[in-house]
Amino acid sequence: MHDLPAENFNIDHVVIAPRGIYAVETKSFRKPSNPASERTDHQVHYDGESLQFPDFSTSKPLGQAQQQAKWLQRYLREALGREVTVTPAVALPGWFVTSHDDVWRSAPVKVFSPMGDGANFMAVDLPRLDATTRQLIATALAQRFPLSLD
């Protein structure tokens with residue numbers, strides 16, 4: 001689902017997968033204008049608390065993703081009458097995202113590039129949500145946001 005309106009913001013994407021529910025904030029950041037090496041100048045490092053681009057650092061997208069995931073989790077709890085975990089995520093198109101494995105596993109926000117296999121983490125590992133639960137979530141969102149379906 002794309003572009004879900006919330007209270008005073010929107011959620012760029014909601015992914016309903018067997019692995020879980022993801023609220024994805026997509027951010028486009030301009031690459032440095034004087035690239036010495038395309039590979040290193042197109043890298044962003046995620047340390048679990050901030051994003052370090054070649055010429056600046058920010059944590060704002062991480063906070064946005066967390067706010068959106070909390071809102072969606074609250075909405076689904078009210079709509080379904082039960083707790084459903086929503087994982088916040090930030091997509092950075094055009095960037096190579098680097099982080100240490102322990103950061104990737106434990107950070108509260110998943111940061112990824114949607115290029116190639118970058119979003120595969122949403123589908124791998126053991127399923128946590130059965131098909132019936134996924135359908136209930138999709139129905140609850142479609143009833144509230146009928147124009148958001150892809």
Side-chain angles (χ1 to χ4, degrees), residues 1-77 83-131 133-138 140-142 145 147-150:
M1 303 180 101
H2 305 286
D3 205 23
L4 267 69
E7 291 167 358
N8 56 356
F9 58 90
N10 72 314
I11 302 173
D12 291 337
H13 312 282
V14 174
V15 178
I16 303 169
R19 177 88 170 107
I21 307 303
Y22 298 88
V24 181
E25 173 67 14
T26 301
K27 290 294 185 187
S28 296
F29 290 103
R30 193 175 298 234
K31 294 180 179 67
S33 59
N34 188 11
S37 163
E38 187 172 303
R39 179 70 177 169
T40 58
D41 282 353
H42 294 175
Q43 284 186 358
V44 56
H45 184 72
Y46 177 46
D47 66 4
E49 296 179 12
S50 68
L51 302 168
Q52 287 100 39
F53 290 88
D55 52 353
F56 72 99
S57 294
T58 184
S59 60
K60 187 176 178 181
L62 305 174
Q64 286 178 295
Q66 288 176 308
Q67 174 193 15
Q68 294 166 4
K70 285 179 186 177
W71 182 90
L72 182 58
Q73 189 165 315
R74 185 175 62 248
Y75 172 78
L76 291 173
R77 180 177 53 244
E83 195 67 35
V84 177
T85 300
V86 177
T87 301
V90 174
L92 299 172
W95 289 90
F96 296 102
V97 179
T98 64
S99 65
H100 298 290
D101 286 342
D102 57 330
V103 169
W104 176 253
R105 285 189 295 275
S106 64
V109 179
K110 300 296 183 194
V111 177
F112 68 100
S113 172
M115 301 179 308
D117 295 338
N120 281 358
F121 70 92
M122 295 181 191
V124 298
D125 210 352
L126 297 174
R128 295 180 183 172
L129 294 174
D130 59 74
T133 300
R134 292 193 313 270
Q135 185 58 51
L136 287 171
I137 292 166
L141 292 174
F145 310 103
L147 300 177
S148 300
L149 290 174
D150 201 26

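Keep in mind that this is a model prediction, so the values were computed, not measured.
- The two atoms that bring Ala91 and Pro114 nearest to each other are CB-CD, 4.3 Å, heavy atoms only.
- In this structure, Ser59 and Glu49 approach most closely via the heavy-atom pair CB-O, 3.4 Å.
- Residue Ile21 holds its CD1 atom at 7.0 Å from CG of Leu76, rounded to the nearest 0.5 Å.
- At a threshold of 4.5 Å between non-hydrogen side-chain atoms, the residues Glu83 and Gln73 count as touching.
- The two residues Ala17 and Met122 come nearest to each other via the heavy atoms CB-O, 3.4 Å.
- Taking every heavy atom of both residues into account, Asn10 and Glu25 meet most closely at O-OE1, 4.4 Å.
- Contact annotation: the side chain of His100 approaches that of His45 to within less than 4.5 Å [non-hydrogen atoms, C-beta and beyond].
- For the pair Trp95/Met115, no side-chain contact is recorded, criterion being any heavy-atom separation below 4.5 Å from C-beta on.
- For the atom pair CG (Leu72) and CG (Leu141), the distance works out to 6.0 Å, reported to the nearest 0.5 Å.
- Phe9 and Trp71 have perpendicular rings, their planes meeting at more than 60° on a 0 to 90° scale where under 30° would count as parallel.
- Looking at heavy atoms from C-beta onward, Lys60 lies out of side-chain contact with Lys27 at the 4.5 angstrom threshold.
- In this structure, the side chains of Val24 and Asp12 stay at 4.5 Å or more apart for every pair of heavy atoms.
- For the atom pair CD1 of Ile16 and CE of Met1, the computed distance is 6.0 Å after rounding to the nearest 0.5 Å.
- Using a 4.5 Å heavy-atom cutoff, the side chains of Arg19 and Arg128 are in contact.
- Atom CD of Gln135 and atom CG of Asp130 lie 11.0 Å apart (nearest 0.5 Å).
- Ring geometry for Phe53 versus Phe29: interplanar angle of 30 to 60°, hence tilted.
- A distance-only check finds a donor-acceptor pair linking the side chain of Tyr46 to the backbone of Val109 [under 3.5 Å].
- Pro108 and Pro88 get closest at one heavy-atom pair: O-CG, 3.2 Å.
- Residue Ala65 comes nearest to Val90 through the heavy atom pair CB-CG2, 3.8 Å, listed as atom of the first residue, atom of the second, then distance.
- A distance of 8.5 Å separates OG1 of Thr98 from CD of Gln52, quoted to the nearest 0.5 Å.
- Under the 4.5 Å side-chain criterion, counting only non-hydrogen atoms from C-beta, Ser99 is not in contact with Phe112.
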Practice task
Start with the C-alpha distance between Gln67 and Lys70, add both sets of side-chain angles, then the distance that settles side-chain contact (heavy atoms from CB on, under 4.5 Å), and finish with yes or no.
Solution key: CA-CA 5 Å; Gln67 174 193 15; Lys70 285 179 186 177; 5.9 Å; no
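- The distance from the CG atom of Leu129 to the OG1 atom of Thr85 is 8.5 Å, given to the nearest 0.5 Å.
- Residues Leu51 and Val97 have side chains not in contact (no heavy-atom distance under 4.5 Å, counting atoms from C-beta outward).
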Problem - Stepwise side-chain contact (heavy atoms from CB on, under 4.5 Å) check, Val111 with Leu62 - result: CA-CA 8 Å; Val111 177; Leu62 305 174; 3.7 Å; yes
